[in-house]
Number of protein chains: 2
Amino acid sequence: MLNELTAKMLHPCGECPIRHRAVCARCDDAEQARLDKAKFYRSFEAGQTVIWAGDQMEFVGSVVKGIATLTQTMEDGRRQMVGLLLPSDFVGRPGRSTATYDVVAVTDMVMCCFRKKPFEAMMAETPHIAQRLLEMTLDELDAAREWMLVLGRKTAREKIASLLAVIARRDAALHLREARGAIEFKLPLTREAMADYLGLTLETVSRQISGLKKDGVISLKGKRHVIVPDYDRLSEEAGDDADGGILV
Amino acid sequence: MLNELTAKMLHPCGECPIRHRAVCARCDDAEQARLDKAKFYRSFEAGQTVIWAGDQMEFVGSVVKGIATLTQTMEDGRRQMVGLLLPSDFVGRPGRSTATYDVVAVTDMVMCCFRKKPFEAMMAETPHIAQRLLEMTLDELDAAREWMLVLGRKTAREKIASLLAVIARRDAALHLREARGAIEFKLPLTREAMADYLGLTLETVSRQISGLKKDGVISLKGKRHVIVPDYDRLSEEAGDDADGGILV
DNA sequence: TGTCAACCTTGACACAGATCAAAACGCGCG
DNA sequence: CGCGCGTTTTGATCTGTGTCAAGGTTGACA
């Protein structure tokens, strides 16, 4: 609660770190000002559930800082992650009142939120928001379809390499670098979360990471910090054709 | 070619069978008239490739009749279907010039097409099209994510049951019925296409269908006509919770 | 009516990844 | 510093699905 208060003051849109990629990216100054007045920040701690599938959603919003996951759970407990929410990603679906998936903060996280009703009203009136949201949704659809190939047809080793490549790419994009040559990044997920994303067990994830390490495709500093000496080699292990698939 | 000519005259928008579900569903009469002038029909025969991944896309359009698949192929030939295109589904991505996936007609098929440039212009000017496209894209994203659970976590038997349930639901929706009780439908896919959709081999597909038949979950008339005596039973076999997941 | 090609089914066996189990690591906390 | 707990690694074994191979069915066409 205290957290939420401090977060609330975080910053005016002008200095927002995700301004150029978020739903509001296309808005002009007047539209931005309107959003600025309506927005509020919410913070979540690592491990905290943002929303449960089936719950009423009173807000929509963008991830500003940190990482969250979108997961689906079957009655018997089998789980599948269906999305990884990184800074600038949008949460919530205009026109639908309940959440379809569980949203869980993986790291400490800050979201920029809007109450659903006013946001939908703004969407109807300012086409720039709807346009950008369409673009983002199409990108997510491409990412989901890319992931269908990973889940349906790749081996465990290729799956791990694919996940690392995706994170490496997005991390590079965040730092405005290109994904090639040597790359280092923090791996924000537990082995179990990786398993949930890849349709594997955590034991298999662990073994395959050990395998990639033994073969020099990656090396680790601690458990969660990955060093990729050669991005192209990783991409090859992922089974991606030459230029590493779709940018996420 | 002859086919295309006959198809071209097919019908004015007023009597279009997908009018109420397609991208144009929200358009008013004036907008509809404008689309009517710009549209042209194209026909494809079963087995024909509509477009190859990587090719230039000069048009976008809606499936009016028949079925097509969206597939992704790896260099070594592994294939994953990432979408099933049924009547009213939209093909192509505004703002992108090349196709991301192979689109192949599974049955004889008719599409209602627009050249990409004029369509994009109309989209910019008539928010109704963009709104509907956003809605459709969000639905497809949900479907893709539902499929991620199928691919990542379900057993072969559950996968087959899931596919049959999806087709049964869409077929029921097309005939404006609800999916429950006894249902019969034509199964438009070969075992191989089903395998590509489900991340299985065609042998496993065949064995699991035999299994479901033996256990009375389904029965077959010929190879391609499925009879489901009890939809709820099928849904249960698919591992879906009580009310059968997301409507597609 | 027979022939051919495409599609489907079934069987035997192999193997990738799951499952079960135990031990090692790493980090916060008294 | 050492304790305890969550996370990760590693090992042994099991199993569902893939692979390879051989027939069977169906429908179009001569």
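In what follows, chains are A, B, ... by sequence order, proteins preceding strands, each numbered from 1. Since the structure is predicted, the reported quantities are computational estimates derived from the model, not experimental observations.
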**OP:** Look at all strands and tell whether A/Ser206 reaches a base, only sugar-phosphate, or nothing, counting heavy atoms closer than 4.0 Å.
**Re:**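 Base contact.
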How close or far is atom [atom2] of [N] from atom [atom1] of [X], stated in whole angstroms?
X        : N      : atom1 : atom2 : result
A/Arg224 : D/dT7  : CZ    : P     : 8 Å
A/Glu158 : C/dA16 : CD    : P     : 12 Å
A/Ile160 : D/dT9  : CD1   : C1'   : 14 Å
A/Lys159 : C/dA16 : NZ    : P     : 14 Å
B/His225 : D/dT26 : NE2   : P     : 16 Å
A/Arg191 : C/dA24 : CZ    : P     : 19 Å
A/Leu202 : D/dT9  : CG    : C1'   : 10 Å
B/Leu189 : C/dA6  : CG    : C1'   : 16 Å

Are [X] and [Y] ion-paired here, with the side-chain N under 4.0 Å from a carboxylate O?
X        : Y        : result
B/Glu237 : B/Arg233 : yes
A/Arg21  : A/Asp139 : no
A/Arg93  : B/Asp142 : yes

Original post:
Do any N or O atoms from the side chain of B/Asp108 and from the backbone of B/Ala46 form a donor-acceptor pair under 3.5 angstrom?
Top reply: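 Confirmed, B/Asp108 side chain pairs with B/Ala46 backbone.
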Would you call [X] and [Y] a side-chain contact if the rule is heavy atoms closer than 4.5 Å?
X        : Y        : value
B/Leu141 : A/Thr137 : yes
B/Val50  : B/Phe59  : yes
A/Lys154 : A/Asp240 : yes
B/Leu220 : B/Ile209 : yes

Original post:
Which parts of residues 210-221 of chain B get close to DNA chain C, meaning a heavy atom less than 4.0 angstrom away?
Top reply: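 Heavy-atom cutoff 4.0 Å gives B/Ser210.
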If you restrict it to nitrogen or oxygen atoms, what contacts under 3.5 Å exist between nucleotides 16-20 of chain D and the protein, and what is each distance?
residue	atom	partner	partner atom	Å
D/dT17	OP1	B/Ala156	N	3.0
D/dG18	OP2	B/Thr201	N	3.4
D/dG18	OP2	B/Thr201	OG1	3.2
D/dG18	OP2	B/Thr204	OG1	2.4
D/dT19	O4	B/Arg207	NH2	2.8
D/dC20	N4	B/Glu203	OE2	3.1

Subject >> From A/Glu158, A/Arg153, A/Lys159, residue fulfilling side-chain contact (heavy atoms from CB on, under 4.5 Å) relative to A/Thr155 >> reply: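 Answer after filtering A/Glu158, A/Arg153, A/Lys159: A/Glu158.
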